[in-house]
Amino acid sequence: MDGDTLYSIGELARRTGLTVKTIRFYSDRGIVAPTDRSPAGYRLYSIDAVARLELVRTLRELGLDLPTIRKVVDRELSLPEVAAAHAEALAVQIRVLRLRRVVLTAVAERGSTPEETELMHRLAQLSEDERRRLIGDFLDVVFGGLDAAPAFVGVMRSMTAELPDNPEAEQVQAWVELAEMSLDPDFRTVVRRMAEDQAAEQARSDTMGPRRDIAAVVRDQAGPALTAGIDPASPQADPIVAAFTAHYAHLLGRPDDVELRRRLATRLESVNDPRRERYLQLLAVVNGWPAPESLAPVFDWSVQALRVRTQQ
């Protein structure tokens, strides 16, 4: 193309694919100024206007405002700097939109009330510090006064939710549900009771040497029986039950009698609260950990086996 050739607005429109109205709009605002005018007073543009209009169209499609575009094309602003700033702003907008989508999806799926919707929205918008304080408060209520025991240091760490900087939608949704659970007074009471039971058992163990947590022992003893299809009420289950009740009796320094077995059944029912398992499932999603194995079937089997043997 001839660099000295001048083009009318109509010719620019054909070359760029923009409308005459759009080019005139940019021209009126000084973004693409005419090089000259025809004898009849019509605006004429040099070939540079084509490249300038292409850049303007690209920047507009990327969402830049006209005052910023004018400074970029006039080289008053560095395009890389503008692009970096705009990309950062877009990242914030994208995060906000993703959070909104997660909340609205949850509202639709759960049939939430206006009050529940407001809470979910607030929880989804929390900053990193606010999220840390919320979970910290939950753990303080659950483990306060017990965290001196070495066993609870790792437990508290393993129950801490840390949403990543750029979470996936499912992680945000899991965080909202987990946060709701951590604020539930009844759930806090249930988990506190579990922690106190474990702390009492741990304290007893420490005076007699390290002992395994009873829930872990039951899992290891009853798990294979469940897999093998052994009926918890059958005689085949007797030695399995005797093994983990003997451990519990030794743990507490009490005889393995009906009362102890009833106490163990109640203990396992507490550990088997479905909310506890749900919390751990959500925690794994938020933190990007592998999904935890469900122990509910094992505890169900063990409780049934204990109840059958303590009926009078």
Side-chain angles (χ1 to χ4, degrees), residues 99 102-103 105-107 109-112 115-117 119-147 149 151-164 167-202 213-219 222-223 266-303:
L99 291 176
V102 166
V103 171
T105 299
V107 168
E109 292 177 350
R110 295 163 59 172
S112 302
E115 293 76 17
E116 291 170 337
T117 301
L119 175 60
M120 283 191 288
H121 179 64
R122 180 171 63 82
L123 293 175
Q125 298 288 338
L126 292 180
S127 67
E128 181 180 353
D129 287 342
E130 290 170 330
R131 292 196 301 269
R132 188 179 294 113
R133 285 196 295 271
L134 187 152
I135 296 300
D137 178 68
F138 167 68
L139 295 177
D140 286 344
V141 169
V142 171
F143 296 107
L146 306 176
D147 53 5
F152 287 106
V153 175
V155 173
M156 292 178 68
R157 187 180 302 113
S158 70
M159 293 185 69
T160 301
E162 296 181 352
L163 197 65
E168 299 294 332
E170 65 173 0
Q171 289 178 299
V172 178
Q173 190 162 355
W175 156 255
V176 170
E177 185 178 346
L178 183 145
E180 288 178 309
M181 291 184 68
S182 70
L183 292 171
D184 182 356
D186 187 51
F187 179 63
R188 290 184 173 202
T189 299
V190 167
V191 181
R192 174 70 185 187
R193 188 181 305 120
M194 293 181 201
E196 289 174 340
D197 288 342
Q198 187 175 349
E201 294 166 4
Q202 184 67 36
D213 174 67
I214 185 59
V217 172
V218 169
R219 176 197 63 203
T266 300
R267 172 87 163 90
L268 293 178
E269 285 174 335
S270 174
V271 173
N272 199 30
D273 190 299
R275 290 171 295 183
R276 171 185 173 275
E277 183 166 296
R278 181 58 178 164
Y279 183 95
L280 297 178
Q281 291 171 342
L282 295 170
L283 186 67
V285 175
V286 171
N287 290 352
W289 295 342
E293 176 188 4
S294 174
L295 298 180
V298 172
F299 291 141
D300 286 339
W301 187 98
S302 303
V303 169

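Just so it is clear, the structure is predicted and the values come from calculations on it, not from any experiment.
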| task | Return the minimal non-hydrogen interatomic distance between Gln171 and Val286, and the atom names on each side. | result | NE2-O, 3.1 Å

| task | May I ask you to test the Leu123-Leu183 pair for a side-chain heavy-atom distance under 4.5 Å? | result | yes

| field | Heavy-atom pair of closest approach, residues Asn272 and Asp300 | value | ND2-OD1, 2.7 Å

| Under a 4.0 Å N-O cut-off, is there an ion pair linking Asp213 with Arg219? | no

| task | May I ask you to test the Gln125-Glu130 pair for a side-chain heavy-atom distance under 4.5 Å? | result | no

| query | From Phe299 CZ over to Arg276 CZ, what is the distance, rounded to the nearest 0.5 angstrom? | reply | 6.0 Å

| Is the backbone of Ala161 close enough, under 3.5 Å, to the side chain of Asn287 for a donor and an acceptor to pair up by distance? | no

| query | For the side chain of Thr160 and the backbone of Met156, is there at least one donor-acceptor N/O pair under 3.5 Å apart? | reply | yes

| Glu196 CD to Thr189 OG1 distance, which is reported to the nearest 0.5 Å | 9.5 Å

| Which atom names give the shortest non-hydrogen contact between Leu134 and Ser182, and what distance separates them? | CD2-OG, 3.0 Å

| query | So Leu178 and Ile135, side-chain contact (heavy atoms from CB on, under 4.5 Å) or not? Walk me through it. | reply | CA-CA 9 Å; Leu178 183 145; Ile135 296 300; 3.5 Å; yes

| field | Separation between OG of Ser158 and CG of Leu283, rounded to the nearest 0.5 Å | value | 7.5 Å

| task | Return yes if some donor-acceptor pair links the side-chain N/O of Arg192 with the main-chain N/O of Gly144 below 3.5 Å, else return no. | result | yes

| Contact summary for Met120 and Val176, nearest pair of heavy atoms | CG-CG1, 3.6 Å

| said: Given Asp129, which partner from the list Arg133, Arg132, Arg131 fulfils the side-chain hydrogen bond (donor to acceptor under 3.5 Å, both in side chains) test? | reply: Arg132

| message | side-chain contact (heavy atoms from CB on, under 4.5 Å), that's the test. Do Met181 and Phe138 meet it? Break it down for me. | response | CA-CA 10 Å; Met181 291 184 68; Phe138 167 68; over 6 Å; no

